[in-house]
Amino acid sequence: MWALNWKLDDILMPFPGVEPIDVTKEMQRQHYTPRHMFELADRFFYSLNLTRVPASFWRRSVMRQPDARRVICHPSSWDFCDGADFRINHCTNVTQKDLVTIHHEMSHVQYFMQYKNQPYIFRAAANPGIHEAVGHAVALSVESPRHLWRLGLLNDYRTTYAVEINDLMRRALDQVVFLPYAYLVDLWRWKVLEGSLPEKDWNCGWWDLRYEIQGMKPPEVRSEEDFDAASKYHIPANIAYSRHFVSFVMQFQLHKALCMKAGQYVPGDPSRPLHKCDIYSSTQAGNALGEMMRLGSSRPWPEVIETVLGERKMNGSALREYFRPLELWLAEENQKHKEFVGWRPDGEYCVYEKPKKSESSLRCELNTE
Ligand code: X8Z
Ligand code: ZN
């Protein structure tokens, strides 16, 4: 709905007809349950020499959508700040996507547990993007063919070049496509809060950014009668979104550093590319991660990331490195087909005024008690 990531497997695969990796059907065939998926995530952290969640977590978390009442289903993790009570709220479906999201949410809980002995004021990541990046970095391992094979969901972790490129494309449509979206959400919010985007223009101001930064148009012309930004959970929930922009860059830096510690990635060795690494069961990687998480926000963030990354800045080069085979494939294809890269203005997408009230909305208003 928000086009924050694009699931276009059916029309945008480099090698059409070659299935990208998706273990959803296999999970369902093996009768996976939400509880089982959470247990796998808990086991992942334990394999890294990190901490298991307490018994109360299993009693108090919401792992399925309840039948009898409406709940907010956006995945979230909760630190009750007593050093013992940590929970997740997640309406799980048995899919590969949810298996990944559960590992992401469990990473938040792992972070809560690691910094629980810090004074209350330091029980946070050194910046919110780091909290998110840990979960996304773990997810990069979870989605690797090697890990899915380890779980018994793939027959082999060795893949053909076509499967590899298709899978990288699927991931790029998830991860790279997300960056402009993550950037514009808080850009819009910033304009609203500083007053440079007046209330009467909130919706078209939103679509201007969507168009300029993301190349995205709505399926029908919008107006100031609509309020599309508010459909995104984080806007009414008042949760800053720039953390997700930061984390989608930093996750690759973290993944690279942890994979090197795990001996799974050696720069320049074509037999061990970054996108195939799985840090599962590496105590070296886990210990480094634990050390960083235990600092909470007690030190400035450049210092905190330096403990694992050996560098103090956000840096997009690990992201490029991860997607390198796809980038090379795309560069060649685009040249071959003389492809235009970008998007051109093509018509109206938002009317900067409130349309006159239609008869039906008038009738509705008159009927209101
Ligand atoms: O909100 C989330 C997580 C919880 S921290 C599920 N994410 C953003 C979103 O869904 O909009 C993860 C990636 C982006
Ligand atoms: Zn998160």
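Just so you know, these numbers come straight off a predicted model, no measurement behind them. Ligands are counted one by one from 1 in listed order, and the atoms in each one are counted from 1 as well.
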Checklist entry - If we only count N/O pairs under 3.5 Å, is His234 in contact with ligand 1? => result yes

Next on the checklist: Give me the nearest non-hydrogen protein atom to atom 2 (C) of ligand 1 as residue plus atom name, then the distance to 0.1 Å.
Outcome noted: His74 NE2, 3.5 Å

Checklist entry - Going through the distances and angles, do Arg222 and Asp228 end up as a salt bridge (Lys or Arg N to Asp or Glu O under 4.0 Å)? => result CA-CA 9 Å; Arg222 311 301 280 163; Asp228 296 309; 2.7 Å; yes

Checklist entry - Which residues and atoms, protein N, O or S only, are under 2.8 Å from the Zn ion (ligand 2)? => result His104 NE2, His108 NE2, Glu132 OE1

Checklist outcome for this item: If we number the atoms of ligand 1 from 1 as shown, the ones under 4.0 Å from a heavy atom of Phe178 are 14 (C)

Next on the checklist: I'd like to check which ligand 1 atoms, numbered from 1 as shown, lie under 4.0 Å from a non-hydrogen atom of His108.
Outcome noted: 5 (S)

Item to check | Close-contact set for ligand 1 against Leu4 heavy atoms, below 4.0 Å | outcome: 11 (O)

Next on the checklist: Can you see whether Glu194 engages Ser196 through a side-chain donor-acceptor pair at a distance of less than 3.5 angstrom?
Outcome noted: yes

Next on the checklist: Ignoring hydrogens and geometry beyond distance, is a side-chain donor-acceptor pair present between His108 and Glu132 at under 3.5 Å?
Outcome noted: yes

Next on the checklist: In this structure, is the centre-to-centre distance between the rings of His255 and His136 below 6.0 Å?
Outcome noted: no

Item to check | Greater than 12 external heavy atoms within 6.0 Å of Lys232's NZ | outcome: yes

Next on the checklist: Under a 4.0 angstrom heavy-atom cut-off, which atoms of ligand 1 come close to Pro75?
Outcome noted: 4 (C), 6 (C)

Item to check | Steps toward salt bridge (Lys or Arg N to Asp or Glu O under 4.0 Å) verdict (Glu143, Arg170) | outcome: CA-CA 11 Å; Glu143 276 208 292; Arg170 182 186 62 77; 3.3 Å; yes

Checklist entry - Cluster question for you: counting only ILVMFWY and a side-chain heavy-atom cut-off of under 4.5 Å, with indirect links fine, are Tyr111 and Ile239 together? => result no

Checklist entry - Who's the nearest protein heavy-atom neighbour of atom 7 (N) of ligand 1, and how far? => result His244 CE1, 3.5 Å

Item to check | Atoms of ligand 1 close to Glu132 [distance to a heavy atom under 4.0 angstrom, numbered from 1] | outcome: 5 (S)

Checklist entry - Has ligand 1 got any nitrogen or oxygen that is less than 3.5 angstrom from a nitrogen or oxygen of His136? => result no

Next on the checklist: Pairing donors with acceptors under 3.5 angstrom, does anything connect the side chains of Trp149 and Asp156?
Outcome noted: no

Item to check | Parallel, tilted or perpendicular: ring planes of Phe245 versus Tyr183, cut at 30 and 60 degrees | outcome: tilted

Checklist entry - Nearest to atom 9 (C) of ligand 1 by heavy atom, Phe245, Tyr181, Tyr241: which? => result Tyr241

Item to check | Chi angles and distances behind the salt bridge (Lys or Arg N to Asp or Glu O under 4.0 Å) call for Glu39, Arg35 | outcome: CA-CA 6 Å; Glu39 283 168 356; Arg35 170 83 184 211; 2.9 Å; yes

Checklist entry - Any N or O of Lys232 that comes nearer than 3.5 Å to an N or O of ligand 1? => result yes

Checklist outcome for this item: On a heavy-atom basis, the closest approach of Ser77 and Val109 is CB-CG2, 4.2 Å

Checklist entry - At a non-hydrogen distance cut-off of under 4.0 Å, which region of Trp2 contacts ligand 1 (side chain, backbone, both, or neither)? => result neither

Checklist entry - For atom 4 (C) of ligand 1, what is the nearest protein heavy atom, given as residue, atom name and distance? => result Glu105 OE2, 3.1 Å

Item to check | Test of ring centre spacing under 6.0 Å for Phe44 and His147 | outcome: yes

Item to check | Verdict with reasoning, Arg294 to Gln114, per side chain to side chain donor-acceptor pair (under 3.5 Å) | outcome: CA-CA 5 Å; Arg294 276 190 293 281; Gln114 293 297 333; 2.9 Å; yes

Item to check | Part of Tyr233 within contact of ligand 1 (heavy atoms, under 4.0 Å) | outcome: neither

